[in-house]
Amino acid sequence: MLKTIDALHASADALRYADRVVVATGAGMSSESGIPTFRDALTGFWARYDPEDLATEAAFRRNPARVFGWYAWRRRLIRQVVPHPGYHALVQLERHIPELAIVTQNVDGLHRRVGSTRVLELHGSLERFSCVDARHPFPHALVPEPTGDGECEPPRCPRCGSPVRPDVVWFGELLPERVMTEAWDLVAASGVMLVVGTSGLVQPAAQLPFIARDAGATVIEVNPDPSAVSAAAHVTCRGPAGVVLPALVATLAEGIER
Ligand code: BV8
């Protein structure tokens, strides 16, 4: 494996001549901003639960207040965090690449918050809501935001009376067709894919780096640890997103100014 400085230069060289770049991000992109990844242990009241047991429709129907309370806790956490320099580096990267899109598994909205202009949210958003039976949209302003960490009874849909849920994709649910089609098309046409902070365990998002590689793209992984994505990577930057991404953009910018 290349030393990190060599990996940075190899990555910058690949990006320098790329017209179409897809940045695929996972929970590790947010961990330096204080948002636990799915592999991290949850804290406090939620330490007793496994996220994969909470992020399902069955769990919500079984105990709506528990699942809704978990998402309210995550929303409160996310609203307090400060996106780290890696997020801002991806905004700067847009200036160097004719067509750059971010395809994220994350539901925290941080890429949009810092100003990234083309963001596809494969797994939806914590800040959008609809009812569980008919997916009738539910206004964000009417969603209760509890102050405590515990369970919270969700509001009811005014049209059908079913409990309101966050508009995220739960385990066992299909990804939104339009977002999925657009993401897969972008990846198949990309010249470079930058994969940041994902274990590559959750399907179908985990296929994207391999689709990019098979389509002839250069795949770059940014992750302090090996992952299921590493097998698809041509270049691996073994480090945290908040450090590697700013260094990568600085290396790219140096080369352009020369
Ligand atoms: C689907 C939204 C078709 C909700 C999420 C049995 C029954 C049903 C389905 C399945 C089944 N078996 C398998 C499946 C498919 C399932 C799946 O893949 N399961 C896995 C667990 C095996 N997938 C689905 O269900 C998908 N739908 O397949 O539909 C279908 C339908 C019915 C039946 C069969 C198939 C839907 C999946 C979407 C689930 N929703 N999120 C919410 O957020 O609450 S997934 C959620 O977990 C996240 O969105 C994210 O995608 C995933 C976590 O993964 P990562 O992002 O990779 O995060 P992780 O913690 O894993 O890793 C973090 C990485 O960051 C690590 O590598 C770490 O080293 C690195 N890191 C840490 N710090 C840093 C860092 N990197 C950089 N910098 C740092 N500082």
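All values below come from the heavy atoms of this structure, side chains included, with hydrogens, waters and symmetry mates left out. Order of appearance sets the numbers: ligands from 1, and atoms from 1 within every ligand. The model shown is predicted, which means the values in this text are computed figures rather than measured ones. Position 1 is the first residue of the sequence, and the numbers go up from there.
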Asker: Classify the contact between L201 and ligand 1 as side chain, backbone, both or neither, using a heavy-atom distance cut-off of under 4.0 Å.
Answerer: backbone
Asker: Suppose I only count heavy atoms of D225 and a 4.0 Å limit; which atoms of ligand 1 are within that range?
Answerer: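 Answer, ordered by atom number: 69 (O).
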Asker: What protein heavy atom is closest to atom 3 (C) of ligand 1, reported as residue, atom name and distance in Å?
Answerer: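 Residue, atom and distance for the closest contact: L174 CD2, 3.6 Å.
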Asker: Near V107, which atoms of ligand 1 are under 4.0 Å from a heavy atom of that residue?
Answerer: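 Listed by number with element: 2 (C), 43 (O).
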Asker: Under the 3.5 angstrom rule, does the side chain of Q105 hit a backbone N or O of A27 as a donor-acceptor pair?
Answerer: no
Asker: Is the shortest heavy-atom distance from the side chain of E182 to the side chain of L120 under 4.5 Å?
Answerer: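 The answer is yes, as the side chains (C-beta and beyond) meet within the 4.5 Å cut-off.
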Asker: Give the atoms of ligand 1, by number and element, whose distance to some non-hydrogen atom of T198 is under 4.0 Å.
Answerer: 55 (P), 57 (O), 64 (C), 65 (O), 67 (O)
Asker: Check step by step if side-chain hydrogen bond (donor to acceptor under 3.5 Å, both in side chains) holds for H9 and T251.
Answerer: CA-CA 7 Å; H9 282 292; T251 307; 5.3 Å; no
Asker: Should Y71 and V67 count as side-chain neighbours, where that means a heavy-atom distance under 4.5 Å?
Answerer: yes
Asker: So for ligand 1, is Q105 a polar contact partner (N or O within less than 3.5 Å, distance only)?
Answerer: yes
Asker: Which atoms from ligand 1 have a heavy atom of Y71 less than 4.0 Å away?
Answerer: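 With Y71 as reference, the close atoms of ligand 1 come out as 4 (C), 42 (C), 44 (O).
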Asker: Considering only protein heavy atoms, which is closest to atom 25 (O) of ligand 1, and at what distance to one decimal place?
Answerer: G172 N, 2.6 Å
Asker: Under the criterion side chain to side chain contact (heavy atoms under 4.5 Å, CB included), which of S33, S30, P246 is the partner of H84?
Answerer: S33
Asker: If we check salt bridge (Lys or Arg N to Asp or Glu O under 4.0 Å) with D149, which of these qualifies: R76, R48, R66?
Answerer: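 Output: one option passes, namely R76.
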Asker: Are more than 12 heavy atoms from other residues, nucleotides or ligands located less than 6.0 Å from atom CZ of R159?
Answerer: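 No, the 6.0 Å shell around CZ holds no more than 12 heavy atoms from other groups.
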Asker: To the nearest 0.1 Å, how far is atom 61 (O) of ligand 1 from its closest protein heavy atom, and which atom is that?
Answerer: R39 NE, 2.3 Å
Asker: With a cut-off of 4.0 Å, which atoms of ligand 1 are near a heavy atom of E32?
Answerer: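 Every atom of ligand 1 under 4.0 Å from some heavy atom of E32: 78 (N), 79 (C), 80 (N).
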Asker: Check this for me - ligand 1, V169, N or O atoms closer than 3.5 angstrom, yes or no?
Answerer: yes
Asker: May I ask whether N223 places a heavy atom under 4.0 Å from ligand 1?
Answerer: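 A heavy atom of N223 does come that close to ligand 1.
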Asker: For atom 36 (C) of ligand 1, tell me which residue out of M180, E173, H123, H84 has the closest non-hydrogen atom.
Answerer: E173
Asker: Decide whether an N or O pair under 3.5 Å exists between N106 and ligand 1.
Answerer: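 So ligand 1 has no N or O lying under 3.5 Å from an N or O of N106.
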Asker: Look only at interatomic distance and state if T37 has a nitrogen or oxygen under 3.5 Å from any nitrogen or oxygen of ligand 1.
Answerer: yes
Asker: Looking at G197, which atoms of ligand 1 are within less than 4.0 Å of one of its heavy atoms?
Answerer: 63 (C), 64 (C), 65 (O), 76 (N), 77 (C)
Asker: Can a cation-pi geometry be assigned to R74 and W70, taking NZ or CZ under 6.0 Å from the six-membered ring centre and within 45° of the ring axis?
Answerer: yes
Asker: Counting from 1, what ligand 1 atoms have a heavy atom of G26 closer than 4.0 Å?
Answerer: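 Per the distance check, 56 (O).
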Asker: One pair to check against side-chain hydrogen bond (donor to acceptor under 3.5 Å, both in side chains): T37 and S31. What are the steps and the verdict?
Answerer: CA-CA 6 Å; T37 72; S31 77; over 6 Å; no
Asker: Tell me: protein heavy atom nearest atom 52 (C) of ligand 1, and distance?
Answerer: V202 CG2, 3.5 Å
Asker: Please list the nearest protein heavy atom to atom 21 (C) of ligand 1 with its residue and the distance rounded to 0.1 Å.
Answerer: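 Residue, atom and distance for the closest contact: E52 OE1, 3.6 Å.
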Asker: Does L142 reach the side chain of F129, with side-chain heavy atoms less than 4.5 Å apart?
Answerer: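 L142 does not reach F129 side chain to side chain.
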Asker: N/O to N/O below 3.5 Å, does that happen between P240 and ligand 1?
Answerer: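 No: no nitrogen or oxygen of P240 is under 3.5 Å from one in ligand 1.
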Asker: Using side-chain heavy atoms (C-beta onward) and a distance below 4.5 Å, is V132 in contact with V164?
Answerer: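 Sidechains of V164 and V132: no contact.
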Asker: Ignoring hydrogens, tell whether any protein atom lies closer than 4.0 Å to atom 33 (C) of ligand 1; use the non-hydrogen atoms only.
Answerer: no
Asker: Could you find the nearest protein heavy atom to atom 73 (N) of ligand 1 and give me its residue, atom name and distance?
Answerer: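 It is S31 OG, 3.0 Å.
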Asker: Please confirm whether R75 makes a cation-pi placement over F68, using NZ or CZ under 6.0 Å from the six-membered ring centre and within 45° of the ring normal.
Answerer: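 Cation-pi check for R75 and F68: passes.
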Asker: Taking 4.0 Å as the limit for heavy-atom contacts, which would you say applies to R74 with ligand 1: side chain only, backbone only, both, or neither?
Answerer: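 Near ligand 1, R74 shows its side chain, while the N, CA, C and O stay back.
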Asker: Side chain or backbone, does W170 bring an N or O within less than 3.5 Å of an N or O on ligand 1?
Answerer: no
Asker: Would you mind checking if D225 and R238 are paired as a salt bridge, meaning a charged N to carboxylate O distance below 4.0 Å?
Answerer: no
Asker: Give a yes or no on whether E145 atom CD has more than 12 heavy-atom contacts from other residues, nucleotides or ligands under 6.0 Å away.
Answerer: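 Buried by this count: over 12 neighbours within 6.0 Å.
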Asker: With a 4.0 Å cut-off on heavy atoms, is A205 in contact with ligand 1?
Answerer: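 No; A205 lies far enough from ligand 1 that no heavy-atom distance drops under 4.0 Å.
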Asker: Look at atom 79 (C) of ligand 1 and say which protein heavy atom is nearest, naming residue and atom and giving the distance to 0.1 Å.
Answerer: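 Going atom by atom, the protein heavy atom closest to atom 79 (C) of ligand 1 ends up being G28 O, 3.2 Å.
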Asker: What is the closest protein heavy atom to atom 28 (O) of ligand 1, and at what distance does it sit?
Answerer: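 Of the protein heavy atoms, Q203 O, 4.0 Å lies nearest.
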Asker: Using side-chain heavy atoms (C-beta onward) and a distance below 4.5 Å, is V229 in contact with N223?
Answerer: no
Asker: Could you point out which residue of L175, D167, T104 forms a side chain to side chain contact (heavy atoms under 4.5 Å, CB included) with H123?
Answerer: L175
Asker: For A27, take its heavy atoms, then give the atoms of ligand 1 lying under 4.0 Å from any of them.
Answerer: 55 (P), 56 (O), 58 (O)
Asker: Within a distance of under 4.0 Å, is there any protein heavy atom near atom 12 (N) of ligand 1?
Answerer: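 It does not: no protein heavy atom is found less than 4.0 Å away from atom 12 (N) of ligand 1.
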Asker: Between V169 and L174, is there a side-chain heavy-atom distance shorter than 4.5 Å?
Answerer: no
